[in-house]
Each structure stands twice: as C-alpha cells, then as structure tokens.
*Asks:* 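Just dropping this structure here.
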Amino acid sequence: MVAPRLIIKKSPLQTIGEEQTQNPYTELLVLKAHHDIVRFLVQLDEYRFASAGDDGIVVVWNAQTGEKLLELNGHTQKITAIITFPPLEVCEEKNQLILTASADRTVIVWDCDTGRQVQKVSCFQSTVKCLIVLQRLDIWLSGGNDLCVWNRKLDLLCKTSHLSDTGISALIEIPKNCVVAAVGKELIIFRLVTPTGESLEWDILEIKRLLDHQDNILSLVNVNDLSFVTGSHVGEMIIWNILDWTVQARECNFWDPSPQLDTQQEIKLCQKPNDISIHHFTWDEENVFAAVGRGLYVYNLQMKRVIACQKTAHDSSVLHIAKLPNRQLISCSEDGSVRIWELREKQQLAAEPVPTGFFNMWGFGRVNKQASQPVKKQQENAPPCSLELIGDLIGHSSSVEMFLYFEDHGLVTCSADHLIILWKNGERESGLRSLKLFQKLEENGDLHLAV
C-alpha cells in the first residue's frame with residue numbers, strides 16, 4: 001500500500017482588475033535625477049523630501065509639483081544612511097539640516113534650504129550604516145563598527161570600543177537616556193552619561209546584551225511608549241518591554257506546514273525557510289505590521305496573536321511597509337510593485353447544512369463529531385481579519401526600495417531603476433486644476449463673460 005503524500009499548494013498572488021475603484025493614485029509624475037539605485041527617501045517638511053542612493057547624490061524635491069529644488073554633491077561613494085536634524089525650538093536659526101553617511105567613510109551635514117555643505121566628518125574607521133538624532137539632548141549618534149556620539153557642531157563627545165566587524169545595523173532611542181543597537185544577532189543596550197556639575201564629560205556605557213535571537217537582526221523599531229520590536233533573518237519577531245528590556249511576546253516561524261491542532265502552537269508567519277526574513281515593521285495603536293519574506297502579517301498587541309495575513313502579498317521579498325489612515329497598509333517589493341491593502345474583519349460563516357443525496361448514501365455526508373472537532377478548532381484559531389488588495393501601482397521596472405506618504409501630495413516611491421515616482425490622487429488633482437482654471441478666468445474677467 002502506497003502511503004499518501006501531503007501536497008502543499010503555493011499561496012496564489014492576489015490580483016486586482018484594471019478598474020481599481022478604491023485606489024486613489026491614478027496619476028503619476030516620473031522624477032529623474034539619479035544615476036544609480038535610489039535607496040532612501042526622507043521627508044523634510046509638509047511639501048519637501050530628499051532622495052539618496054548609490055550614486056552618492058542627495059536631491060531635494062517639491063512633493064507637490066515634482067520640481068527638483070537642490071542637488072547636493074559631496075560624497076564619493078554610495079550613501080548608506082540619511083536622517084533629518086531638526087533645529088532647536090529656542091534657536092533663532094531655523095534652517096532644516098540633514099545628515100548623510102556614505103561608504104566613503106564620511107558624514108556630511110547639509111543645509112537643505114540652501115544646499116550648502118555645513119560640515120564634514122572624515123575620521124571614521126568604518127562605514128557608518130545608521131544614524132539617529134536624540135533631539136531632546138541635541139546630539140546625534142553614528143553606528144558602524146563602533147558607536148559614536150556627536151553634538152550639533154560635530155564635536156565627538158564620546159564613543160564605544162570596537163563592537164563588531166559586521167557593524168551596527170540599526171539604532172533606536174529608548175527611555176532613561178538609553179539607546180538599543182542591533183549588532184548581528186545581539187541587541188546591546190547603551191546608556192548615555194550626560195555632563196553634570198561634577199563632570200563636564202559625556203560617556204556611553206554598555207548596560208546589557210540581549211541574546212534571544214537565533215540569527216542576524218534585520219529590523220528594529222519603537223512601537224509605542226511601552227514596547228519596541230525586532231525581526232531577524234530567520235523570521236523571529238520579538239516584542240520587548242522598553243523599560244526593563246524583557247520579552248513581552250515572541251512569534252517564530254515553523255517550516256512544517258502541517259497543523260497541530262491538539263497542542264498549543266505558535267502561529268506560523270511563513271512556511272519556507274528561504275522566504276522568512278523580516279525586513280520591515282510599521283505599527284498603530286493596536287497592531288504591529290510585519291513584512292515577512294513575500295508576505296504581510298498583522299500582529300495584535302493586546303491579543304498577542306496574528307489577526308490577519310497575506311502569505312504571498314508580492315512575488316518577491318517585501319522591503320518596506322507603512323500604515324495609512326482608514327485601516328490601510330502600503331507595501332513595496334523587490335518585484336517592482338507597490339500595493340495598497342485594507343484590513344477588514346472577516347464575516348462569520350453560517351454553519352453548512354448536512355449534505356444529502358448520492359454522496360450521503362455512501363457515507364460521505366455523515367456528521368462525524370470527532371472529525372468536526374479539529375475543523376471547529378481550526379476555525380477558532382483562524383485569523384479574524386483579512387488583508388484585501390485595493391490598489392496595485394505598476395510603474396517601476398525594478399525593485400522598489402521604499403516610499404513616503406504625504407497626506408496632501410500623494411505617494412513617493414524610489415527604485416533600483418534609478419527613478420522616483422510621485423503618485424497623485426487623480427480626483428484631488430483634477431479638482432485643483434479646475435480651481436486654478438476658475439481663478440485664472442476670474443482674474444482675467446472671462447468668468448463673468450462666460451456666465
């Protein structure tokens with residue numbers, strides 16, 4: 001007798017028709033200025049953003065018109081990190097600054113109102129991979145093979161010893177003058193010692209190492225005032241207490257897809273060991289949204305479980321996600337697509353009637369209490385919500401690295417095809433064009449004649 005084989009079907013990619021009635025982004029502007037992969041976008045204010053990438057150039061754009069405002073040249077190799085450095089409220093000078101780090105082992109401070117290079121630091125022993133600003137203390141930190149603390153004038157205040165050849169991959173600020181650094185599979189908690197009456201020196205002390213991850217940490221973000229979350233290369237998601245650094249919740253991946261309904265099981269975020277890296281997180285008051293391999297998962301913080309998922313949201317790895325108003329989520333992927341999703345509650349299905357007729361005569365329709373119990377339990381364990389595709393933005397010809405959302409000006413995406421696309425709300429843009437036309441007619445006096 002031949003043993004039965006378990007055939008696992010690949011989750012199909014959800015598609016949407018040409019008439020995307022819930023997709024507002026029906027117009028686009030293609031912005032050209034870069035000569036290599038555009039990896040970073042950062043919002044400067046309500047109407048400006050900056051782009052940067054592997055050509056070492058920073059470009060400042062108008063998000064409303066798509067006009068190129070400034071081009072900042074100073075790096076000789078690809079840019080590895082970019083962040084805004086807002087002015088102090090008490091400071092008279094209100095110019096917006098940005099910091100850029102590069103593989104040329106420099107960090108440059110730019111005035112993005114004038115395009116002026118304010119200052120340049122060239123004393124790094126390794127490439128700076130991440131930057132963070134602690135605005136409350138008016139300092140910034142650079143993470144490479146070590147962690148350095150700088151003031152606004154670019155004076156080096158203090159630094160750690162050499163941490164790792166792989167370097168710091170991510171940094172976040174947490175309470176009590178502490179920061180968390182992701183270094184390989186470890187999280188290192190550092191505390192900043194600020195100047196006091198007794199000592200005018202700054203210092204940075206290693207407080208604790210958290211060794212709960214089994215593989216390299218790819219994503220690290222603050223979730224709220226109580227928690228931060230980390231995700232690893234092998235699909236581990238850990239939610240941490242922000243005050244005492246203990247594990248609040250954990251979700252891991254199991255590659256065996258067969259259900260084990262008899263025992264308490266952790267929800268599987270993904271089934272393939274080569275498709276489970278957690279590249280990015282976003283969040284709202286209730287949920288953490290995770291980009292896991294090619295899929296999207298919604299983890300409810302109160303219920304401590306996954307409440308919705310799309311195992312195959314894209315054809316390739318999801319690189320960046322963001323939560324929008326009205327329970328919407330946007331994702332972009334290596335497959336070159338940008339997709340809009342809506343989180344919806346599933347309708348409770350009515351109980352199916354017992355089948356009759358031919359199949360029932362042979363016993364296929366008989367109700368088996370034992371067999372129905374696992375099905376019932378499976379329904380109880382099923383995610384209560386779903387992610388429904390409501391928009392598919394096709395414009396890039398290569399991997400979409402990230403995007404920015406402007407409430408009034410639309411969506412900005414950047415890609416390995418060297419392009420930036422400004423996606424516009426077609427209905428809104430049509431209304432603005434009509435308004436401008438009426439204003440022009442009124443100024444010329446033609447409106448009264450037409451009436």
Side-chain angles (χ1 to χ4, degrees), residues 8 11 14 210 212-215 217-242 244-273 275-313 318 321-324 326-329 331 341-349 372-389:
I8 303 159
S11 299
Q14 195 175 129
L210 307 175
D212 295 71
H213 277 289
Q214 302 300 310
D215 209 324
I217 297 164
L218 301 182
S219 43
L220 163 67
V221 296
N222 284 311
V223 175
N224 49 38
D225 294 337
L226 304 173
S227 311
F228 65 92
V229 62
T230 51
S232 80
H233 180 65
V234 293
E236 309 158 294
M237 182 181 79
I238 301 179
I239 298 175
W240 306 83
N241 185 300
I242 206 166
D244 62 13
W245 320 317
T246 55
V247 175
Q248 289 183 330
R250 183 197 301 264
E251 286 294 342
C252 298
N253 292 285
F254 296 103
W255 303 333
D256 176 14
S258 57
Q260 299 173 356
L261 297 170
D262 297 334
T263 58
Q264 183 76 17
Q265 65 170 353
E266 293 183 76
I267 292 172
K268 301 164 194 174
L269 297 183
C270 211
Q271 295 173 358
K272 288 174 135 189
D275 198 22
I276 56 176
S277 297
I278 302 179
H279 287 284
H280 198 234
F281 289 112
T282 189
W283 65 94
D284 61 15
E285 297 81 6
E286 301 173 356
N287 306 303
V288 172
F289 301 82
V292 185
R294 296 177 297 148
L296 299 171
Y297 295 80
V298 185
Y299 181 89
N300 187 273
L301 292 166
Q302 187 174 359
M303 296 168 66
K304 293 189 176 180
R305 62 167 293 195
V306 172
I307 61 165
C309 70
Q310 270 291 341
K311 293 181 181 179
T312 313
V318 181
I321 53 176
K323 177 73 173 57
L324 300 190
N326 304 321
R327 294 173 69 85
Q328 291 182 359
L329 182 73
S331 59
W341 308 86
E342 187 173 81
L343 183 63
R344 296 175 184 168
E345 290 186 9
K346 287 181 180 176
Q347 299 296 321
Q348 293 294 325
L349 297 174
S372 65
Q373 282 176 357
V375 174
K376 185 179 179 183
K377 196 163 185 180
Q378 196 170 16
Q379 287 175 345
E380 288 172 358
N381 291 338
C385 299
S386 65
L387 282 170
E388 299 299 325
L389 182 65

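FYI, side chains are in, hydrogens and waters are out, and symmetry mates aren't considered; it's all heavy atoms of this structure. This one's a predicted model, so the numbers in the text were calculated from it and none came from an experiment.
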*Asks:* Does a side-chain heavy-atom distance below 4.5 Å link T230 with D212?
*Replies:* no

*Asks:* Among residues at least two apart in sequence or on other chains, which ones pass side-chain contact (heavy atoms from CB on, under 4.5 Å) with V221?
*Replies:* V229, F281, W283

*Asks:* Identify the two heavy atoms, one from Q302 and one from N300, that lie closest to each other, and give their separation to 0.1 Å.
*Replies:* N-OD1, 3.1 Å

*Asks:* Any chance you could measure C385, atom SG, to R344, atom CZ, to the nearest 0.5 Å?
*Replies:* 12.0 Å

*Asks:* One pair to check against side chain to side chain contact (heavy atoms under 4.5 Å, CB included): V223 and I239. What are the steps and the verdict?
*Replies:* CA-CA 9 Å; V223 175; I239 298 175; 5.6 Å; no

*Asks:* Which residues pass the side chain to side chain donor-acceptor pair (under 3.5 Å) test with D215, sequence neighbours left out?
*Replies:* none

*Asks:* Can a side-chain donor-acceptor contact be found between S277 and H233 if the only test is distance below 3.5 angstrom?
*Replies:* yes

*Asks:* Kindly compute the distance separating OG (S386) from CD1 (I307), expressed to the nearest 0.5 Å.
*Replies:* 10.0 Å

*Asks:* Using a 4.5 Å cut-off on heavy atoms from C-beta on, say whether the side chain of H280 contacts that of S219.
*Replies:* no

*Asks:* To the nearest 0.5 Å, what is the distance between CD1 (I238) and CG (L220)?
*Replies:* 11.5 Å

*Asks:* So which atom in V318 and which in A291 form the shortest heavy-atom distance, rounded to 0.1 Å?
*Replies:* CG1-CB, 3.7 Å

*Asks:* Suppose we screen for side-chain contact (heavy atoms from CB on, under 4.5 Å). Which residues come up paired with Q14, at least two apart in sequence or across chains?
*Replies:* Q310, W341, E388, L389

*Asks:* Strictly distance-based, threshold 3.5 Å: is any side-chain N or O of D244 a donor or acceptor partner for the main-chain N or O of T246?
*Replies:* yes

*Asks:* Do you know which two heavy atoms are closest between I278 and E236, and how far apart they sit?
*Replies:* CD1-O, 3.5 Å

*Asks:* Just to verify, what does E345 make a side chain to side chain donor-acceptor pair (under 3.5 Å) with, not counting sequence neighbours?
*Replies:* none

*Asks:* For the pair L329 and L343, evaluate side chain to side chain contact (heavy atoms under 4.5 Å, CB included) and give the outcome as yes or no after the intermediate values.
*Replies:* CA-CA 8 Å; L329 182 73; L343 183 63; over 6 Å; no

*Asks:* Can you name the residues that form a side-chain contact (heavy atoms from CB on, under 4.5 Å) with N224, not counting sequence neighbours?
*Replies:* L226, S227, L301

*Asks:* Where is the tightest heavy-atom contact between W245 and W240, given as atom of each residue plus distance?
*Replies:* O-CE3, 3.4 Å

*Asks:* What's the spacing between R327 CZ and L387 CG if we round to 0.5 Å?
*Replies:* 9.5 Å

*Asks:* Please give me the minimum heavy-atom distance between L296 and S331, naming the atom from each residue.
*Replies:* CD1-OG, 3.9 Å

*Asks:* Please name all residues satisfying side-chain contact (heavy atoms from CB on, under 4.5 Å) with D225, sequence neighbours left out, ordered by chain then number.
*Replies:* none

*Asks:* Kindly compute the distance separating NE2 (H213) from SG (C252), expressed to the nearest 0.5 Å.
*Replies:* 9.0 Å

*Asks:* Mark yes or no for whether K304, through its side chain, and Q248, through its backbone, hold a donor-acceptor pair below 3.5 Å.
*Replies:* yes

*Asks:* Sub-3.5 Å donor-acceptor pair from the side chain of R294 to the main-chain atoms of T312, do we have one?
*Replies:* no

